[in-house]
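Working notes, structure below.
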Amino acid sequence: MIGKPPVVCLLGPTGTGKTAAAIAVSRRTPASVVNFDSRQVYCDFPVITAQPDAEERAACPHLLYGFLPTQEKMSAAMFVKLAVQAIGEVHARGRLPILVGGTGLYLRSLLRGIAPIPEIPVDIRQRVLDRIGKEGPQSLYAELQHDDPEYAAIIHPNDTQRNARAAEVFLATGKTMTWWHQNSAHTPAPFDTVKVGVFIDLDALAPRLAERIDAMLAAGALEEARGAWERCPDPDAPGWSGIGCAELLEHLRGGVSLDEAKAQWVKNTRAYAKRQITWFRKEEGIDWFAPGQDEAVADHVLRWLEGRDG
RNA sequence: GCUCAGGUAGCUCAGUCGGUAGAGCAGGGGACUGAAAAUCCCCGUGUCGGGAGUUCAAUUCUCUCCCUGAGCA
């Protein structure tokens, strides 16, 4: 068949059991899991970022997990490049790729394309960061209002990251964010996708998240953080920004008790799950299932696959 | 038992020289194009511990009771 190759997207907030559902699918048809979670790429934090364990990884091939050191930066564009490559490999082996993760931006960038803005030279980036550190985002925003009023209307004066991004892109390329967004060919995904979501509401999810953090601590989360700190003693390194990593590091460096760190960890995880829910709520064409309905997810995916062939 | 300090939003506290009150955190909603587990926006009525007194008016002043903490016995 000549149509676009199939890709399953398995999404939802953290801690809903997406990995288990993916493995259920893999038991019914040859499949490989491809990660689209921005934190599970870090090799120093397998426990804290809830990467699939050895047993789960033995069930079927898992790609794009735990390959990046803590000091290395991950980005949406880099993810798209790696994911396209990984999905190609899975197809080449005659298997079904199942994208599993919770980073909405990464999935959207893969499926809808991302503006092909060139890499920003480090000195330009640094200059912008220095400025924003000294003057705050507002002075960059004032310039943005002049250079790119359309984009200024979309972002907020207090948004440090987006103001920095808009400034560095304009400085480095001479083109505005709006220009890049409008004049970039948005390549739609060259895949035939089905989107399956796993969801329960926050009040039901919260206790599960707290339990999972207890399990992580029992599984050696604190030792994991200690080891990572020995390898990468830079709290600003990209890998340390994961929820749980930062809180445990705070404790290890003597700032707070373990109980306090844990409380913060639970709190931040819940807030994160809420943001994910907000993101996925407006993503279109998702078929939703409850946690644990792994066979129903598998049935759904299998039916979709058969429908494609017929 | 005595002295002092407190009792104000789910939590920590601010404040009202007497005109019924507001921050941070939590919580809710939202945005999102190379940091996204990031970054950011919007949302604040609560017997101001109970009762009584003074007053046109008390959460604010006075008295009393209850509770908490510290100190002294």
Side-chain angles (χ1 to χ4, degrees), chain A residues 13-15 35-42 45 48-51 68 70-83 101-122 124-125 128-129 132 136-138 140-141 148 150-151 153-166 168-169 172-173 175-187 201-203 206 209 212-213 216 236-248 260 263-283:
Chain A
T14 186
N35 170 44
F36 77 90
D37 186 292
S38 74
R39 296 297 110 182
Q40 293 184 343
V41 300
Y42 285 103
F45 302 106
I48 299 171
T49 64
Q51 294 174 33
L68 202 65
T70 302
Q71 47 277 349
E72 297 287 325
K73 200 180 77 180
M74 188 64 190
S75 73
M78 193 164 134
F79 165 76
V80 170
K81 201 178 296 178
L82 293 169
T103 304
L105 175 65
Y106 284 14
L107 188 64
R108 182 186 289 176
S109 300
L110 176 68
L111 299 184
R112 297 200 208 156
I114 184 165
I117 300 170
E119 198 64 29
I120 308 297
V122 270
I124 290 183
R125 185 179 190 105
V128 170
L129 290 179
I132 215 159
Q138 293 80 9
L140 291 182
Y141 184 79
D148 189 358
E150 256 182 275
Y151 194 59
I154 296 171
I155 71 172
H156 195 274
N158 294 350
D159 193 328
T160 312
Q161 292 191 359
R162 291 186 181 79
N163 279 106
R165 176 66 182 159
E168 70 178 18
V169 166
T173 70
K175 301 277 197 282
T176 63
M177 286 302 267
T178 301
W179 186 92
W180 281 107
H181 293 344
Q182 289 176 349
N183 295 282
S184 61
H186 270 220
T187 30
D201 63 75
L202 245 195
D203 287 335
L209 296 174
R212 188 172 67 155
I213 285 170
M216 286 174 177
D236 297 325
W240 278 113
S241 69
I243 293 169
C245 305
E247 292 83 350
L248 289 177
E260 285 170 308
Q264 279 296 113
W265 186 0
V266 169
K267 183 191 95 178
N268 290 335
T269 304
R270 184 194 155 101
Y272 166 54
K274 185 172 118 65
R275 267 175 276 136
Q276 287 180 300
I277 291 169
T278 298
W279 182 288
F280 289 131
R281 197 137 47 193
K282 70 167 202 184
E283 189 82 31

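Quick note on labels: first sequence line is chain A, next is B, and so on, each numbered from 1.
Note on A/K175 versus A/D148: no salt bridge recorded, every NZ/NE/NH1/NH2 to OD/OE distance being 4.0 Å or above.
Between the side chain of A/R162 and the base of B/A38 there is at least one donor-acceptor pair of N/O atoms closer than 3.5 Å. A donor-acceptor contact under 3.5 angstrom links the side-chain atoms of A/K274 to the base of B/G29.
A side chain to side chain contact (heavy atoms under 4.5 Å, CB included) with A/F79 is found for one member of A/D37, A/L110, A/V41 and no other, namely A/L110.
Taking every side-chain heavy atom of A/M74 into account, B/A36 is the closest of B/C25, B/U33, B/A36. With B/C41, B/A38, B/G28 as the choices, the nucleotide that has an atom nearest any side-chain atom of A/H156 turns out to be B/C41.
Phosphate contact (OP1/OP2 of B/A31, side-chain N/O of A/R108, threshold under 4.0 Å): absent. For B/A37, neither phosphate oxygen OP1 nor OP2 lies less than 4.0 angstrom from any side-chain nitrogen or oxygen of A/R275. In terms of phosphate contacts, A/S38 brings no side-chain nitrogen or oxygen within less than 4.0 Å of OP1 or OP2 of B/A35. Put simply, A/S109 has no side-chain N or O that comes within less than 4.0 Å of OP1 or OP2 on B/G34. Within the structure, every side-chain polar atom (N or O) of A/N158 is placed at least 4.0 Å from both OP1 and OP2 of B/U39. Between A/R39 and the phosphate of B/A36, there is a side-chain N or O to OP1/OP2 separation shorter than 4.0 Å. Residue A/T278 places at least one side-chain N or O under 4.0 Å from the OP1 or OP2 atom of B/G30. Checking the phosphate oxygens (OP1, OP2) of B/C32, a side-chain nitrogen or oxygen of A/K282 falls inside 4.0 Å.
Across all non-hydrogen atoms, the minimal contact from A/I213 to A/T269 is CD1-OG1, 3.7 Å.
In this structure B/U33 sits in no base pair that meets the Watson-Crick or G-U test at under 3.5 Å.
Side-chain contact annotation: A/R212 with A/T14, donor-acceptor N/O pair under 3.5 Å present.
Counting to the nearest Å, the P atom of B/A37 and the CD atom of A/Q40 are 10 Å from each other.
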